[in-house]
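A quick note: this is a predicted structure, and the numbers were derived from the prediction, not measured.
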Amino acid sequence: MTAASDLRTAALASKAWPYEEARKLLKRYPDGKPGGAPVLFETGYGPSGLPHIGTFQEVLRTTMVRRAYEEMTGAPTRLLAFSDDMDGLRKVPDNVPNQAMLAEHLGKPLTRIPDPFGKFDSFAAHNNAMLRDFLDRFGFEYEFASSTDYYTSGRFDAKLKDVLRHYDAIMAVMLPTLRAERQATYSPVLPVSPKSGVVLQVPVEVVDAEAGLIRFDDDGETIEQSILGGNAKLQWKPDWGMRWAALGVDYEMYGKDLIDSGVLGGRICQILGGRKPEGMVYELFLDAKGEKISKSKGNGLSIEEWLTYGPDESLAFYIYREPKKAKSLHLGLIPRAVDDYWQFRGNYASQPVEQRLGNPVHHIHNGPPPQPTGIPITFGLLLNLVGVLNTNSSELVSNYLLEFLPDIPPLDVDTELERLIDFAIAYHRDVVAPTLQRRAPAGVEVAALERLDRELAELSADASAEDIQNIVYEIGKSGGFSELRDWFKALYETLLGSSQGPRMGSFIALYGIANTRRLIAEALAK
């Protein structure tokens, strides 16, 4: 068997979630998609705001499923990043300039509203450009699609006529989901006013489905108008179903909050002669308090914030893990995510192919990760080193590592370690340092620190981390502590100023025995 066939066989048997999702497509097309056509994956984007972490996670996870399907089948695929840029602007975003100007255009399609940043032809054009830049930055392979382009070019015309032909059936799906007052004015078709340019939320009457004609009231005037060529759009749930049917979407995932919308969209897709796509319902991120993240509340963590303190791969690693489980998203998660990523990356080369396919780095990197596969120090340990050195100088930290870790490659070559040093300095400065406060030792902690100092004094300067860890461990067991973890917590709080910290043997070996004894002396002096 060839390496490619071995990979395909392993992929078909893998329990990793991207392969589990891809198997849904194997069931959808047991003999491949008819005519050898590419399997179509889709992600949606609402361009009334800038791209955010929800956009990133959806495109990333969809790409992982896409690559898993390709590994299983070798069949062609496409990913369509679809922008709902014909939506009417419902409210002025808080984070953009020229808000008074935008307020004058409320209700109009985003592509017909001036760009408040003054750089593009429209507000949608600006945000669409940000989306493409965002996706390009992370190297996603995709095709961009604009709702306005698809409506105005006539690509949706055939299905829009179907919407009018099956108007009553679509209303029968939607009306039971609405409150009584909303039912009275609801229409799945939203005409664009020929007078104001606003996307109207008004009842409509189908005049001629074959011609695409409707009748509606526009500010007291009865208007008869075609819905084709961009003169109308659909409410977003019928729009979703119509798009699935019109484009033949095979796979689209969405958040738990859209379960009901996905069900309705699927029913409308079937009414219009399509087949609901396969997909995964993923859980939503929570903030540090366990509350749902809301853009309006601003209680979430932005991509820019995460990438200030950790590399792209650490964010991708965190997003990969357990997509169907609700997870917190806050700055305190970054060090663990960085270290877990590097641990899995370091394990990859020695794993058999079956385990590699279950390794998150395989899906983050679309295959084997780049060299080097590991780093000689954990991010957590690096953070503690930056803390005790009390420095913002990456050169100082680099020189320290070169002195105490002589086996590492030159740091001008190992750029990933250089990047981690910069991240550690930024994270310590902004997140850790404001919370640090070294306390004085008390009770049995005093004698335990004195003993640690004496035993460290008897070691050679190049004592191994394991030997040092054994000493620390033995002092904790016999030092009168109720639990061993109380001893480690005391070390962190008195020497490092934090309630948690690194493996002390590794830290002392890196920081140096003499330097550590100075820390102990400072603590005992309190």
Give a yes or no on this: more than 12 heavy atoms of other residues, nucleotides or ligands lie within 6.0 Å of atom [atom1] of [X].
X	atom1	answer
R28	CZ	yes
Y348	OH	yes
Q500	CD	no
K526	NZ	yes
D133	CG	yes

Would you call [X]-[Y] a salt bridge at under 4.0 Å N-O?
X	Y	value
R336	D340	yes
R243	D84	yes
R439	E493	yes
E455	R451	yes
K276	E252	no
E483	K489	no
E283	K256	yes
K27	E278	no

Evaluate R67 against E141 for salt bridge (charged side-chain N to carboxylate O under 4.0 Å, His left out), listing each step before the verdict.
CA-CA 11 Å; R67 298 308 180 201; E141 180 186 326; 3.0 Å; yes
With side chains defined as the heavy atoms from C-beta onward, is the minimum distance between [X] and [Y] less than 4.5 Å?
X	Y	result
I425	T391	no
Y282	K324	no
M253	V281	no
R438	L496	no
V444	W487	no
T516	I513	no
E313	H365	yes
N127	L131	no

Give the C-alpha distance, both sets of side-chain angles, the deciding distance and a yes or no for side chain to side chain contact (heavy atoms under 4.5 Å, CB included) between F144 and L135.
CA-CA 10 Å; F144 175 78; L135 297 180; over 6 Å; no
For the backbone of [Y] and the side chain of [X], can you confirm whether one donor and one acceptor N or O come within less than 3.5 Å of each other?
X	Y	result
Y427	D422	no
K477	V472	no
S14	A10	no
D115	F120	yes
D453	L449	no

Answer yes if the side chains of [X] and [Y] hold a donor-acceptor pair under 3.5 Å, and no otherwise.
X	Y	value
W306	S314	yes
D85	N128	yes
S464	D467	yes
T77	E70	yes
D250	Y69	no

Exercise: identify the closest heavy-atom pair between [X] and [Y]:
X	Y	result
P76	G36	CG-O, 3.6 Å
T494	A523	O-CB, 3.8 Å
F379	L420	CE1-O, 3.5 Å
G358	A16	CA-CB, 4.0 Å
L60	F140	CA-CE2, 3.6 Å
A349	R356	O-NH2, 2.8 Å

Is the distance between the ring centroids of [X] and [Y] less than 6.0 Å?
X	Y	answer
W17	Y320	yes
H428	F423	no
F82	Y45	no
Y254	W240	yes
F138	F134	yes

Trace of the salt bridge (charged side-chain N to carboxylate O under 4.0 Å, His left out) decision for E416 with R345:
CA-CA 13 Å; E416 291 188 282; R345 181 164 159 179; 2.9 Å; yes
Of H362, R66, R8, which meets side-chain hydrogen bond (donor to acceptor under 3.5 Å, both in side chains) against E71?
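Result for side-chain hydrogen bond (donor to acceptor under 3.5 Å, both in side chains) with E71: H362.
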Could you walk me through whether L25 and T73 pass the side chain to side chain contact (heavy atoms under 4.5 Å, CB included) test, one step at a time?
CA-CA 10 Å; L25 291 164; T73 65; over 6 Å; no
As a quick check of understanding, evaluate side chain to side chain contact (heavy atoms under 4.5 Å, CB included) for Q351 and N359, giving each step before the final call.
CA-CA 9 Å; Q351 291 176 324; N359 188 322; 3.0 Å; yes
Looking at CH2 of W342 and CD1 of I375, how far apart are the two atoms once the value is rounded to the nearest 0.5 Å?
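Interatomic distance, W342 CH2 to I375 CD1, rounded to 0.5 Å: 5.5 Å.
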Measuring from atom CG of L102 to atom NZ of K91, what distance do you get when rounded to the nearest 0.5 angstrom?
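Here the rounded value is 13.5 Å.
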Can you spot which of L382, L396, V386, I377 makes a side chain to side chain contact (heavy atoms under 4.5 Å, CB included) with I421?
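The residue from L382, L396, V386, I377 that satisfies side chain to side chain contact (heavy atoms under 4.5 Å, CB included) with I421 turns out to be L382.
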So L7 and L357, side chain to side chain contact (heavy atoms under 4.5 Å, CB included) or not? Walk me through it.
CA-CA 9 Å; L7 178 64; L357 298 189; 3.4 Å; yes
Report the relative orientation of the aromatic rings in Y19 and H363; use parallel for angles under 30°, tilted for 30 to 60°, perpendicular for over 60°.
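The arrangement is perpendicular - the two ring planes meet at more than 60°.
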